[in-house]
Amino acid sequence: MSFGERIRSRRIELDIGLNDFAERIGCSPAYWSRIERDKEKPPRDELIERAAAILGLTLDELFIRAERLPPDMQRDLGRVVVAYRRLRAAGQR
């Protein structure tokens, strides 16, 4: 399931209208509709964080679906890469 599909599915599950949701996260309904239909790339980090909070989803899930690192990992990219490489190497043994 893509980022947009997951957001839309959860929003509908919680019975939150598109206009209300867009207003709550601070963007236009037209823009958010395009995101949910995968006509736009996932939005900037701040909107993903707001969407996660409103929808009760984890940041990690949404950032993975957006195919991006969460902001805390972006700030610590060197350590993330080292940890990833260690895990990969350990799994190949």
Side-chain angles (χ1 to χ4, degrees):
M1 185 179 286
S2 71
F3 176 85
E5 291 170 332
R6 179 64 176 126
I7 292 287
R8 183 170 195 230
S9 169
R10 181 67 175 160
R11 180 180 61 74
I12 290 170
E13 180 182 320
L14 295 175
D15 197 29
I16 301 171
L18 176 65
N19 291 338
D20 179 38
F21 187 76
E23 182 178 320
R24 289 167 70 179
I25 64 168
C27 70
S28 76
Y31 171 67
W32 199 259
S33 175
R34 289 191 307 272
I35 288 172
E36 288 187 359
R37 292 179 292 122
D38 295 318
K39 303 293 182 189
E40 295 267 354
K41 293 179 183 178
R44 66 185 188 274
D45 294 351
E46 298 82 26
L47 293 181
I48 292 175
E49 291 171 350
R50 288 182 205 153
I54 292 166
L55 298 174
L57 299 171
T58 67
L59 286 177
D60 286 347
E61 177 189 358
L62 290 187
F63 276 97
I64 289 167
R65 290 184 191 276
E67 299 181 352
R68 284 205 302 259
L69 289 173
D72 61 322
M73 290 183 173
Q74 291 173 26
R75 289 187 292 272
D76 203 10
L77 187 58
R79 291 174 68 165
V80 170
V81 170
V82 169
Y84 172 80
R85 297 286 182 220
R86 283 185 187 147
L87 283 171
R88 289 282 309 251
Q92 293 176 356
R93 292 183 196 157

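Remember, predicted model here, so these are calculated numbers, not experimental data.
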Let me see the working for Ser33 and Arg37 under side chain to side chain donor-acceptor pair (under 3.5 Å), right down to the final yes or no.
CA-CA 6 Å; Ser33 175; Arg37 292 179 292 122; 3.1 Å; yes
Full working for side chain to side chain contact (heavy atoms under 4.5 Å, CB included) between Arg68 and Asp45
CA-CA 9 Å; Arg68 284 205 302 259; Asp45 294 351; 3.2 Å; yes
Can you check side chain to side chain contact (heavy atoms under 4.5 Å, CB included) on Met73 and Leu77, steps first, answer last?
CA-CA 6 Å; Met73 290 183 173; Leu77 187 58; over 6 Å; no
Mind running side chain to side chain contact (heavy atoms under 4.5 Å, CB included) on Ile35 and Leu47 for me, showing each step along the way?
CA-CA 11 Å; Ile35 288 172; Leu47 293 181; 5.7 Å; no
Can Glu61 and Arg6 be said to form a side chain to side chain contact (heavy atoms under 4.5 Å, CB included), step by step?
CA-CA 10 Å; Glu61 177 189 358; Arg6 179 64 176 126; 2.7 Å; yes
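Environment of CD in Glu13: crowded, with over 12 heavy atoms of neighbouring residues, nucleotides or ligands closer than 6.0 Å. Taking a 6.0 Å sphere around CD of Glu23, one finds it holds 12 or fewer heavy atoms contributed by other residues, nucleotides or ligands. Other residues, nucleotides and ligands contribute over 12 non-hydrogen atoms within 6.0 Å of the CG atom of Asp72.
Clustering ILVMFWY residues whenever any of their side-chain heavy atoms sit less than 4.5 angstrom apart, transitively, puts Phe21 in the very cluster that holds Tyr31. A single hydrophobic cluster is seen to contain both Leu18 and Leu57, as judged by linkage of ILVMFWY side chains at heavy-atom distances under 4.5 Å, directly or through other members. Each of Ile48 and Leu69 belongs to its own hydrophobic cluster when Ile, Leu, Val, Met, Phe, Trp and Tyr are linked at side-chain heavy-atom distances under 4.5 angstrom. Cluster annotation: Leu59 is connected to Ile25 through the hydrophobic network of ILVMFWY side chains, with a link wherever side-chain heavy atoms come within less than 4.5 Å.
In this structure, Glu5 does not pair ionically with Arg65, as no charged nitrogen and carboxylate oxygen lie closer than 4.0 Å.
By the salt bridge (charged side-chain N to carboxylate O under 4.0 Å, His left out) test, Arg75 is found to be paired with no residue, residues two or more places apart in sequence or in another chain being considered.
Atom CZ of Arg8 is separated from atom CZ of Arg10 by 15.5 Å, given to the nearest 0.5 angstrom. To the nearest 0.5 Å, atoms SG (Cys27) and CZ (Arg50) are separated by 9.0 Å.
Using a 4.5 Å heavy-atom threshold, the side chains of Pro70 and Glu49 count as separate. With contacts defined as side-chain heavy-atom distances shorter than 4.5 Å, the pair Ile54/Leu14 does not qualify. Within the 4.5 Å cutoff, side-chain heavy atoms of Arg24 are placed close to those of Asp20.
Ring planes of Phe3 and Trp32: perpendicular class, angle over 60° (limits at 30 and 60°).
Between the side chain of Arg34 and the backbone N or O of Glu40, no donor-acceptor pair lies under 3.5 Å.
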